[in-house]
Amino acid sequence: MPSIHSLTGNSEFFPRASAEPVPEPLFPSQLFMFPIWLIPFSMIATRGVLPQKTKIEHKDHHTCDDINGDAVANVSEYLFRHRREDTCYAIVETGCNDQNGLSSLADALDILVFTLNMDAMKKNYLIPKSAPATTVSIGASSVSFCMALVELLDQHKWYHPTVIIETTITVSRFYQLSWKFLLEVTKQSGSNFQMVPLNVDNIISNSDLMNILMESKLRSRVYVLLSTATLALRILALTDELGMSNGEYAFINVQPIRTSAYGVPVQFVRAANNPLNLNASRSLIFLAPQPHPSTSITLAYLNAKIANLTLAQYNYSYNGVPPLDSGNAARIAFEIVEIFSTLVIERDNTLRGSGQCGPCSGNQLVDRIANRTFAISSGRVYFTAGGIRLINTEMFAFNTSTLSLQTIGVFDGTKQRFTLYENKSIPWPTSNGSPPADVPECGFTGHEGRCAAERISTIITALSTASGCVVLLVGSAFYRWLRQQIFESANYWVLQRRDLHLPGYPGQSRLSMLFSCVSLKAAQSS
């Protein structure tokens, strides 16, 4: 039985046999299922009846920076000394790695790499072979929920969203990476997205936040909030005062990690006596990674099997603590081994069938992973053509009865589409219950589109009415003048009043004076 080697030393690494036993494998690949937390930055997994696990560490390594500084050199030295052509190797990268360096090394040496933190890689995993050719992503990545977000935007034809990106130092890394991958996914969607990013820190004042929202109203009706739930709730609380809680606006809060430090559905529960308008909550969509479906069934079965086997063979008890947690770390470690086992067995069967032999190639193993779904003990695991594992993303909306968020659907990473649950929907606060339009009927200013045409029509009507009145007045005056001219022409012999004047009274005709005298005489007589 091979032993487990612990490589220690100052600048040189010397293999040292350990008496630590290797448990019998549970999976047909005959690979030892290693616990990921025992591996500080990388692991070399081999195939065989009972393979060996190698832990590479240094007595002076205490931080990620310490490990990063020597990661490539340590793995290079180990492979140089111990690599065999008849053995398949896989390097497991964690977040505490110089991942670009390790992946480049593995690419040059043709070794398969499983990275747990793909977002730390500054490569485009959406395009096959654009990243280091032998690296695949086994952990959750921003690409998964960015695909879900783009699908949601595309379904509703929301092509002009404003993207608010929180820059608070403790959380900004995940949201900045999410924005980066969101851009990549939209480029490949084929739709004409016109997104405007706005960087916001959580210490921003409400007045400044209101100014940002007021300005963005002139170009967007949909807001993607790559922010903590805390900042998202602050934005929702301002919508009523800004006239943004009338159903014409949508808010999508996206969380890369489902913890209270970032955002969980329970943070959006409304108290019954909350005086704020419910319409803002009804306009909210919450996206977050779906908990692994195997947590309650498959994972419980695996935990019991591991615990029983360990107790029977090594008299060791986990004391009620499950060997595999319900999160990611231990479960992903087992998934890596099972997937790796499957690839190695398939390779061996292919070589035996063809009568060929040769060194184990990381490129060939990656080709077997691309665009494939693995049905393993913990569930179905799908990898894109670019080597990304896509996880499912849950969609939540507000329930007006419970005043809390409820799951209404899920984005299937394998099928890459949303599925809405029966009798579940978003309670949009619009008059007809429909989602808000990407661009309002009257445009963002209220004077565009249909309203612009109506306004022009109103102006034309008013001008026509005014013009008609002017024409009528001018025509009436002209008619009176023309009629007078005709009368005078026909009665040229009649003496006109304006032609009669008395001496000393230039402004009054004799006839007028006569009529005035007659009128005065009549008045005196009476």
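Position 1 is the first residue of the sequence; numbering continues from there. Values below: all heavy atoms of this structure, side chains included; hydrogens, waters and symmetry mates excluded.
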_Exam field: side chain S144 to backbone I391, donor-acceptor pair closer than 3.5 Å_ = yes
*Hey, are the side chains of Y382 and N371 touching, using non-hydrogen atoms and a 4.5 Å cut-off?*
yes
*Indicate yes or no for a side-chain donor-acceptor contact from N392 to the backbone of Q290 under 3.5 Å, with no hydrogens or angles considered.*
no
*Check: T168/N202 side-chain N/O donor and acceptor closer than 3.5 Å*: yes
*Donor-acceptor pair, T115 side chain versus S137 backbone, under 3.5 Å?*
no
_pair R282-T400: side-chain heavy atoms closer than 4.5 Å_ = yes
*Is it true that a side-chain atom of R221 and a backbone atom of Y249 form a donor plus acceptor pair closer than 3.5 Å?*
no
_For I165, all residues meeting side chain to side chain contact (heavy atoms under 4.5 Å, CB included), sequence neighbours excluded_ = V163, Y175, Q176, W179, P197, N199, L226
*Is there a donor-acceptor contact under 3.5 Å from the side chain of T393 to the main chain of F411?*
no
_Pairs meeting criterion side-chain hydrogen bond (donor to acceptor under 3.5 Å, both in side chains) with involvement of residues 226-236, two or more places apart_ = E166-T228, N206-R234
*For S191, does its backbone N or O pair with a side-chain atom of S189 as donor and acceptor, under 3.5 Å?*
yes
*Side-chain heavy atoms of I388 within contact of V143, under 4.5 Å*: yes
*Could you tell me whether a side-chain N or O of W158 sits under 3.5 Å from a main-chain N or O of F193, the two making a donor and an acceptor?*
no
*asked:* Given 3.5 Å as the limit, does a donor-acceptor pair link the side chain of Q188 with the main chain of V185, or not?
replied: no
*With sequence neighbours left out, write down each residue that passes ring-ring contact (aromatic ring centres under 6.0 Å, His included) with F286, or none if nothing qualifies.*
F268, F396
*Would you list the pairs meeting salt bridge (charged side-chain N to carboxylate O under 4.0 Å, His left out) in which at least one residue belongs to residues 394-409, sequence neighbours left out?*
R258-E394
*Under the ring pair (Phe, Tyr, Trp, His ring centres under 6.0 Å) rule, what pairs show up with a residue in residues 212-239, not counting sequence neighbours?*
Y223-F251
*Quick one: list whatever passes side chain to side chain contact (heavy atoms under 4.5 Å, CB included) with T402, sequence neighbours left out.*
N399, S404
*Does any N or O in the side chain of D412 come within less than 3.5 Å of the main-chain N or O of R417, such that one atom is a donor and the other an acceptor?*
no
